[in-house]
Structure formats: structure tokens, C-alpha cells
Protein chains: 2
Amino acid sequence: MVSYTEENYLKSLFLLSQGSGEVGVNELSQHLGIKMPTVNSMMKKLREKKLVVYEAYKPLKLTARGKKEAGLIVRKHRLTEMFLVDIMGFTWDKVHEIAEQIEHIASPEFFDRMDSMLGHPTVDPHGSPIPDKNGNLVWKQYRSLLEVTAGETVKLCAVINSSDEFLRFLNARNLQLGTKIKVVSVESFDQSMRVSYTGHSDEMLSKIVCEKLLVE
Amino acid sequence: MVSYTEENYLKSLFLLSQGSGEVGVNELSQHLGIKMPTVNSMMKKLREKKLVVYEAYKPLKLTARGKKEAGLIVRKHRLTEMFLVDIMGFTWDKVHEIAEQIEHIASPEFFDRMDSMLGHPTVDPHGSPIPDKNGNLVWKQYRSLLEVTAGETVKLCAVINSSDEFLRFLNARNLQLGTKIKVVSVESFDQSMRVSYTGHSDEMLSKIVCEKLLVE
DNA sequence: TTTATTTGTTAGATGAATCTAACTTTGTAG
DNA sequence: CTACAAAGTTAGATTCATCTAACAAATAAA
């Protein structure tokens, strides 16, 4: 049995591991908003449960089992976000908090139902991939908008940070997944970009914004 | 702030109060499957929070605030059951457990959305009324099938016990809300009833079953 | 009305998840 | 290569929800 709290630790560890594969206690502590000693003892507990590989002063790693558990939670989270948008009519900036709670519901049928009502989606409303039924996750290799050169036209496929604030920033500029963006020019000084897309022929995006937009 | 656990106490108290209005610690303890001393201390806590009227050795009562809080949780539970059946295609015997978890989700918009998708339903899939947005609940005054005399035809409007087992018993006999039931004869010895309805011209129902079927 | 049963309360222990304060290891900047 | 900062650990306290054991009150039965 994995508790609500333990699920949150696994999920964070899973998400933080996406790049490097190894995560520090401090990093995890920050991400969860929980103090290091608490994280420390939880890691010992999760080690006992064979969900995490933990040795003092070494970086943290999920075991295969831990990875699967965590992947399935992320699956539930992302399916829920998709459900909230596609079936219930929420906008993409309102779904995170709700999904954060629903991801802990214990009922495979409930999520299977969502999955089939949605037609087995592979990405959530922010373009993040939905892990499969074994908890496996693969990111398509998108480029960040930052890597695109002037003149190119690309399609917005995902956003990295899905905080309400950032999403509302995008809403305000009518930027949504699927939008075809043409990079008009790049300011080499601060890496801000002048872009154009349907309905917006001249929009400025800062480096901070560009690096969070994944395109292909 | 009312915790997940506290919500469950309030809800049970609310449901048990429906008839009498007053509930004993023992009764509540049984209903929640939690030992009396635990219930006892929780009552003291809920008294501090002005949700329950509690005095040693006196029966328990919800305050107006407590009644509202509890009513809103029941509202969330029943809206969820309705949503699971009408929107997600679950059968009425599969929804209780899931609703038991979803009722604790903190998101008014989520339940408002359900409510409007369902067209503001007034009863759940078992015929129990859904409290309004202020947590107020009124039961229509149905009769139990037990009170119906031979020869009468009535409509099944609600079931009292919504355990999986009982609901599957009804499924197996094709008895659902709305079914028009004709009472053919009543066995005065054990109060079992011979009834007929569409597709079932001769079905026997025990007293135990009849008293749980609410009709009009 | 005395006694027995049921119901309710108090006291004290436990486990989960959290914290702060103090200490230790690791790794990096002089 | 020391020394200092950052990261990690240990120890011990706190809060919440739960339990068992023992005691007290209320109620029902004899």
C-alpha cells in the first residue's frame, strides 16, 4: 500500500528524474515544499518498501517498481487534466489543482473510463505525454522555441511550466497548442524573439517565455 | 478548515440525523467503523470548531454550520454518483466507493460543472435527494413497498440501502428506478410479497427487500 | 430498588507526517 | 590544501487520527 503522501514523493521524484535520472534530497525537498529532514526519513521508508534506491549522501533513484507506481500516478494526473478540458470544458489554466487531487483516487475503472471516453489520448492539455498503462513515459524530442532561427515557422506542441500564471500569459496572447509560430527576428542581446502567428502579426516574447515553449 | 477525516464524521452525523435528529456516540462509532473513544475526542474537536453540539452523555447534534458543511459534502457525493452513471456510464452498483473519495475534492467549480452537465439533478442514481447549494436536503415522503396493499400498482422511486450486494440483487431481477410494480398478493405470515412488473410476471420479494424499496 | 448491561468517558500509547536545532559530509573557492 | 558553503543527516518535539484498558453514567431488567 502506498499512502497519499508517499504517492506525492514518488511523483515528484519521477518528474525530477526525467532528465538526469538522479535527484538530490534538497532538490526533492524544494519541489515538494517539505523540509529536508522529513524527506530524508521518507526516503528511508520508501527504501524499505523497495520503491527508492537510497544510500546516505548518494543521489536518489526510483527502483523499477517505484518508477512504475510513479508513472501510473502521473498517468492519472494527465488523463484527469485531459478529461477536465475535453469532457468537462475547463480551460488549461484551471485543471492542475483539481488533477492534483483526483490523481490519488483509487479506482482503475474510473481512469480506464476517462481514457476510453477521451479516445486514449497520448498527451495532456499542456502537451506533456501521458504514461502508458505500465507507467512508461516517453517525451517526443521537441526543440525549445529558443533554438529556432529567424525565418523558420514551427508548431507549438507543449509548454514546460504549466503554472496558472504562465498559461494565462499565453491565453492573453492567444497562444495555444497547435499554433503555427513564425520567428521573424531574434534579438541577440537578450534572446527575445519577434514572432507572428494567426491574428498576431507582431508579438515580442522574452527568453524566459521562449525557453518554455516546445515546438516542432 | 475541515479535514478529510472531519468531513467523514460530519457526513455520517448528517445522514444518521435524518430521522431522529439526534445521534449517540455509539451509533456514530458503528457507522464510521471507528472506536468510541476516538469518536468522543473528535466530537470535542468539532465542538471547538462550532460544527457539533456536544455535552458529555448527551446525544450529538450538528450546529447550523455543521449541517451546512455536511449537506454540501453529501451534495458532492450524490452529484458525483449521478455523474458517474449519466456521464461516465457506470452502473448504480459501482459508484458509491468512487464517490466516497471524490466527495472530498476541494473545487467548487468541479462540482458546479458536474451539476450543469447533468442539468441540475435533484436525486442521485439510487433515488436519494441531492442537497441544494446551501446543503439543505428534503426527502419526498415515499412509502416503503411494505405499506402497499395487494392490487395496487406503484412506481419504484428510491432504494434505502445502496450496498453493492443489494443493488446487484435488484439488477438480477431487473428492478430499477421507475419500474412500475404491481403487488399481486401479500403473505401475512412473513410479509413477503408476490409482485409483477414488465418482463417479470411473478416475482417474490422478502420483507427485508420490500422495506428497502421506496415507492409512490 | 438493586443489579446488570449498554453506552459514554478518561488516560495513555502508537504510528504517520511534519517540524526545528544541531551536527556531519561533500565539494568548491581561495 | 585548507576552509567555508551547500547539501545531507540525526535527534527530538509536535499534531492528527487512531487504538486499548480501565473507569463512570445511564438505562433496562429482575
### Task
Sequence neighbours left out, what passes salt bridge (Lys or Arg N to Asp or Glu O under 4.0 Å) with A:D164? Give chain and number order.
A:R168
### Query
Just how far, in rounded Å, is C1' of C:dG8 from CE of B:M42?
17 Å
### Message
Check the phosphate of C:dA16 against A:Y9, side-chain N and O only, distance under 4.0 Å to OP1 or OP2. Yes or no?
### Response
no
### Parallel, tilted or perpendicular, as decided by the 30° and 60° cut-offs, for the rings of A:H126 and A:W92
parallel
#### Entry: Short side-chain N/O contact to C:dT9 OP1/OP2 from B:K44, under 4.0 Å
no
### Query
How does protein contact run along nucleotides 2-8 of chain D, one letter per nucleotide 5' to 3', with B for base contact, S for sugar-phosphate only, - for none, heavy atoms under 4.0 Å?
-----SB
### Task
Kindly write out the residues that satisfy side chain to side chain contact (heavy atoms under 4.5 Å, CB included) with A:E69, not counting sequence neighbours, or none if the list is empty.
A:V2, A:L10, A:L51
### Query
Listed by chain and number, what are the side chain to side chain contact (heavy atoms under 4.5 Å, CB included) partners of B:S3, not counting sequence neighbours?
B:T5, B:E6
### Integer-rounded Å distance: D:dT18 P and B:Y4 OH
11 Å
#### Entry: Of all pairs that satisfy salt bridge (Lys or Arg N to Asp or Glu O under 4.0 Å), the ones with a partner from residues 8-29 of chain A, not counting sequence neighbours
A:K11-A:E100, A:K11-A:E103
## Note on the structure
A:K35 atom NZ is separated from D:dT14 atom P, nearest whole Å, by 18 Å
#### Entry: Separation of atom CE in B:M43 from atom P in C:dT9, rounded to whole Å
10 Å
### Query
With a 4.0 Å cut-off on heavy atoms, is B:T5 in touch with a base, just the backbone sugar-phosphate, or nothing at all?
sugar-phosphate
### Task
Figure out the CD1/C1' separation between B:I34 and D:dC19, and round it to whole Å.
11 Å
### Task
Among residues two or more places apart or on two chains, list those pairs meeting salt bridge (Lys or Arg N to Asp or Glu O under 4.0 Å) that have a residue in residues 112-133 of chain A.
A:R75-A:D115, A:R78-A:D124, A:D112-A:K133
### Message
What is the distance, to the nearest angstrom, from the NZ atom on A:K49 to the P atom on C:dG15?
### Response
14 Å
